[in-house]
There are 2 protein chains.
Amino acid sequence: MSDSDHQRTVNATRTSFTVVEALAEREDRVGVTQLASTLDIPKSTAYKHLTTLCELGYVHKEGRKYELGLGLADLGESARTRDPLYGTAKSHVDRLVSVTDQPAGVVVERRGNAVDLYRAWPTNRPAAHGTNSRYLHCSAPGKAILAELPDDRVAEIIDRGLPTKTDRTLSTPSALREKLDRIAERGIAFERGEQREGRRAVAVPVVRNERVMGAVYVAGSTDRMKSKRFEEDIPGIIISTVNRFTSDI
Amino acid sequence: MSDSDHQRTVNATRTSFTVVEALAEREDRVGVTQLASTLDIPKSTAYKHLTTLCELGYVHKEGRKYELGLGLADLGESARTRDPLYGTAKSHVDRLVSVTDQPAGVVVERRGNAVDLYRAWPTNRPAAHGTNSRYLHCSAPGKAILAELPDDRVAEIIDRGLPTKTDRTLSTPSALREKLDRIAERGIAFERGEQREGRRAVAVPVVRNERVMGAVYVAGSTDRMKSKRFEEDIPGIIISTVNRFTSDI
DNA sequence: GTGGCTGTTCCCCACACATGAACAACGCTT
DNA sequence: AAGCGTTGTTCATGTGTGGGGAACAGCCAC
């Protein structure tokens, strides 16, 4: 597959994005040599692509080190707000935040990872940004989506590994599969400190035409989400919210 | 410049991003032929790049039409949260929202456009997302940044045109330049329905080592921002906020 | 059915990308 | 301050590949 595809695709584009992705994964800035060696490509090639990406504004050069450029922020915003779920779910997420006085959001899946389309926080108690897991298996919205995904897709994702984030993370295929069955039955997913100690969440998948579009969640610290509120009230609110806008997509 | 640069940069990458940018600018999905004709490139070339970008997850193919993919959302988030201003300003913006009970944010400039690094809204009254101007000249944070930018950069940006958004937009170079001088003197910028009818905002530039890093703003509808609150109270709050974190960057 | 669109594939050649090696610039150690 | 290792940058080259035209196929409207 790759051999025939390579014939009809642009290799240079691929390497350029490999460079960008490498920069995205690193926390710190990085030099040409370092980047080239981690990607196992010649220095000069890395340099040429970095220069090109700089010129386009998607990579930023600070001194002799490179990092992600803000051009990507523009593109990313365009991509997020373009998704059909964004437009329909946004106002409902906002209302969830008001009603529950807790952070809420809407998540979609792409290539086995969770992507936040939109999230909002209660004003006086803003939560951390960018801390949500990219992994599906250890978050409420991720599991809600997984439970609705076709079996072969789930298998693919499981095969890529189930990293352990806390000691409650479901990191074996069998444990995860069993949980997903229960989630599919009930139509709701819970997260109890599986991606971060002290964090809880409830999520409901958004299904349309038998395809899962994403999931809506409400999150919060364990002390704000316990017993009936966590297990019944908030689930009920989310379910009715999702029902409401699933019909009028 | 372009001729010599073309020798040491990757053309294929450039066209790939041209394709992505074209998709970002269009509201609707687009087909190969249509895209190729607007970009004035051969169909087959457009097709090859689109296919490559699809494979990488940065473009999404729905039926026979193409649109931006969610891979860009990931990269965009990485880029935003990586900016030094993001980390330092975020919590202060959150506090501005609490204190003023109005939307606030932090903006940086890239390539003559305004990019929102972070913004937040009061819980019960969430504002529209993605509606802020990409233009610098008609928003409070944009003007705050312009006022601190070197003259040649300002000239470049003015040369690219000053689109009129409302009848209050400063759309002539002389009017804008005059205003920027006053903003530079006072260290604060006001926006009075210049980018959208009924919207007001106050912004303060963040300057470090004589270089402008970005601007922090508080926005709101005209009826929530008038007289002393608009002209003195909120400006004072923002200035003291910015002063506080400029010192400990 | 038919015609005019699309998207997709084919194929070939110029040429621009990938590459290693040479060069220059930095910064650390002494 | 000088030297040396490291890094970034440039150069030169052949070869793989991206660009582009044109042919093919698939859709939809009429």
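Lettering follows sequence order; numbering is per chain, from 1. If you're wondering where the values come from, they're calculated on a predicted model, not measured in any experiment.
- What separates CZ of B:Arg8 from C1' of C:dC23 is a distance of 14 Å, to the nearest Å.
- Distances were taken from every side-chain heavy atom of A:Asn11 (C-beta onward) to each of C:dT19, D:dG18, D:dT10; the shortest belongs to D:dG18.
- Listed by chain and residue number, A:His49 satisfy the side chain to side chain donor-acceptor pair (under 3.5 Å) test with A:Thr15 (two or more places apart in sequence, or in another chain).
- A donor-acceptor contact under 3.5 Å is not formed by the side chain of B:Ser44 with the base of D:dG19.
- Listed in residue order, the members of residues 15-32 of chain A having a heavy atom less than 4.0 Å from DNA chain C are A:Thr15.
- Between the side chains of A:Thr51 and B:Arg8, not a single donor N or O lies within less than 3.5 Å of an accepting N or O.
- Residue B:Tyr66 places at least one side-chain N or O closer than 4.0 Å to OP1 or OP2 of C:dT8.
- Salt bridge present: A:Lys90 and A:Asp94 bring a charged side-chain N and a carboxylate O closer than 4.0 Å.
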Which donor-acceptor pairs under 3.5 Å do side chains of residues 22-32 of chain B form with protein atoms, sequence neighbours excluded?
from	atom 1	to	atom 2	distance (Å)
B:Arg29	NH1	B:Glu67	OE2	3.3

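- Note on the helix from C:dG1-D:dC30 to C:dT30-D:dA1: angle between the axes of the first and last five pairs equals 50°, rounded to 10 degrees.
- Using a cutoff of 4.0 Å between basic side-chain nitrogens and carboxylate oxygens, B:Glu77 and A:Arg119 are scored as salt-bridged.
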### Task
Test side chain to side chain contact (heavy atoms under 4.5 Å, CB included) on B:Val93 and B:Tyr86 and set out the steps.
CA-CA 10 Å; B:Val93 168; B:Tyr86 179 89; over 6 Å; no
#### Entry: Sugar-phosphate or base contact per nucleotide [nucleotides 24-30 of chain D; S, B, -; heavy atom under 4.0 Å]
---S---
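- Remark: A:Thr52 engages no residue in a side chain to side chain donor-acceptor pair (under 3.5 Å) (not counting sequence neighbours).
- At a threshold of 4.0 angstrom between heavy atoms, the contacts of B:Lys61 are confined to the sugar-phosphate backbone, with no base atom among them.
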